[in-house]
Amino acid sequence: MFRLCKQKSNFSKIIRKCSSYVQGQSPEKNIREYFYFIDHEGRLYLDDARMKNFTSCFKDKKFLHFFFTRVKFNDTPRYTSNFPYLSPCGRERNFIRCDDLPIVYTHVLEDGLKLSFNHAGDLLTVPFEPGKIFMSPASGRVYHPAAERYGKIGLIRSKLAIEFSKHFDFLDGESHPPTHFTWSGQKYELDKMWIKEAITQTVEKM
């Protein structure tokens with residue numbers, strides 16, 4: 001049996017709590033439960049993996065597509081405090097906790113028109129919305145809209161966020177979120193309302 005302590009994520013700020021589980025446990029007939037972790041670079045691991053690095057993360061793009069297209073808020077009565085997300089697969093319950101958010105944008109595709117997420121290449125993409133990039137002044141992390149099932153918000157991985165940060169303007173000062181973002185020769189005034197709605201929804205469902 002593993003003893004897991006989950007610290008509140010940077011985004012949702014859930015209090016530190018602890019949970020016990022066994023990978024593959026069967027709490028009821030014909031049901032199996034597994035536990036996963038997503039880091040701030042968007043890599044997926046078994047939660048109890050001792051080493052969490054490139055060699056131990058899941059890399060098969062078809063599996064990642066299968067897994068992440070099923071991710072949603074944990075709507076079961078089990079492990080909701082520590083594993084706020086779930087990827088159901090038939091009789092399997094795949095509980096998920098994350099360093100920040102489950103959806104992490106990792107690459108820009110199609111000449112800047114799409115963002116790919118969670119290392120699945122062109123199997124997992126969304127249209128890029130340059131006018132809705134948001135950078136948190138407190139953490140320096142950068143966010144972009146995601147599908148409603150994920151809470152309407154995704155994190156942008158560090159490497160990509162550093163690249164994006166070169167294109168920010170801070171007309172309200174650097175202690176405030178950026179006001180404009182220039183992409184492909186066009187300057188966008190950044191919309192900050194969407195993230196307030198996304199935060200409210202995510203916190204309510206957690």
Side-chain angles (χ1 to χ4, degrees), residues 6-16 37-44 64-65 68-69 71-74 84-85 96-206:
K6 174 188 173 289
Q7 189 172 14
K8 191 174 189 182
S9 73
N10 292 334
F11 176 74
S12 60
K13 298 184 179 178
I14 303 170
I15 43 180
R16 187 179 180 89
F37 174 73
I38 301 168
D39 70 10
H40 66 279
E41 295 294 328
R43 298 190 182 102
L44 178 69
L64 293 172
H65 174 268
F68 281 100
T69 53
V71 170
K72 62 178 182 176
F73 286 102
N74 182 357
Y85 299 94
I96 306 163
R97 69 182 184 97
C98 27
D99 177 56
D100 196 330
L101 291 164
I103 300 306
V104 182
Y105 297 107
T106 55
H107 299 86
V108 179
L109 302 180
E110 296 186 17
D111 295 325
L113 297 178
K114 290 185 177 181
L115 294 179
S116 171
F117 57 97
N118 295 90
H119 301 278
D122 58 5
L123 297 182
L124 290 174
T125 65
V126 298
F128 183 29
E129 300 180 73
K132 292 187 176 181
I133 291 289
F134 176 82
M135 189 191 82
S136 166
S139 67
R141 291 191 172 183
V142 181
Y143 300 90
H144 179 274
E148 185 168 357
R149 66 181 293 116
Y150 307 125
K152 296 184 177 181
I153 184 168
L155 175 69
I156 293 177
R157 70 179 297 196
S158 301
K159 182 178 179 180
L160 190 55
I162 290 170
E163 182 62 31
F164 282 173
S165 68
K166 300 174 185 177
H167 305 286
F168 285 136
D169 289 327
F170 296 83
L171 299 188
D172 294 334
E174 294 195 2
S175 61
H176 298 278
T179 56
H180 296 78
F181 179 70
T182 301
W183 188 252
S184 297
Q186 182 174 346
K187 179 175 282 192
Y188 296 85
E189 182 174 359
L190 295 175
D191 174 9
K192 302 182 185 70
M193 292 303 297
W194 74 270
I195 197 160
K196 295 179 181 178
E197 296 174 1
I199 290 172
T200 299
Q201 174 178 313
T202 300
V203 170
E204 286 176 352
K205 290 194 175 183
M206 285 185 172

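Numbering starts at 1 and runs along the sequence shown.
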### Task
Could you tell me the separation between the NZ atom of K132 and the NZ atom of K152, rounded to the nearest 0.5 Å?
9.5 Å
### Query
Is there side-chain contact between M135 and F170, with heavy atoms separated by less than 4.5 Å?
yes
### Task
Any chance you could measure I103, atom CD1, to Y85, atom OH, to the nearest 0.5 Å?
9.0 Å
### Query
Which is it for F128 and F164 under the ring pair (Phe, Tyr, Trp, His ring centres under 6.0 Å) test, yes or no, and what are the steps along the way?
CA-CA 12 Å; F128 183 29; F164 282 173; 5.4 Å; yes
### Query
Within a strict 4.5 Å, meaning less than it, do heavy atoms of the W183 and I133 side chains meet?
no
### Message
Within the structure provided, determine whether L44 and L64 are in side-chain contact (heavy-atom separation under 4.5 Å).
### Response
yes
### Query
H144 pairs by ring-ring contact (aromatic ring centres under 6.0 Å, His included) with which of Y105, F181, Y150, F117?
Y105
### Message
Taking the side chain as everything from C-beta on, heavy atoms only, tell me whether F37 gets closer than 4.5 Å to D99.
### Response
yes
### Query
Do other residues, nucleotides or ligands put more than 12 heavy atoms under 6.0 Å from E129 CD?
yes
### Query
Looking only at heavy atoms, which two atoms of H176 and D172 are closest? And how far apart?
CD2-O, 3.0 Å
### Summary
Taken to the nearest 0.5 Å, the spacing of L113 CG from S184 OG works out to 7.5 Å
### Query
If you measure from CD1 on I96 to CZ on F73, what distance do you get to the nearest 0.5 Å?
11.5 Å
### Side-chain touch L190/T179, heavy atoms, less than 4.5 angstrom
no
### Query
Quick one: are H180 and H167 in side-chain contact, heavy atoms under 4.5 Å?
no
### Query
Heavy-atom distance under 4.5 Å between the side chains of T125 and L115, does that happen here?
no
#### Entry: side-chain contact (heavy atoms from CB on, under 4.5 Å) between T106 and N118, worked out
CA-CA 6 Å; T106 55; N118 295 90; 5.7 Å; no
### Task
Decide yes or no for D100 and Y143: does some side-chain heavy atom of the first lie under 4.5 Å from some side-chain heavy atom of the second?
yes
### Query
Looking at NZ of K196 and CZ of F134, how far apart are the two atoms once the value is rounded to the nearest 0.5 Å?
9.0 Å
### Message
Working to the nearest 0.5 angstrom, can you tell me the gap between E163 CD and I156 CD1?
### Response
11.5 Å
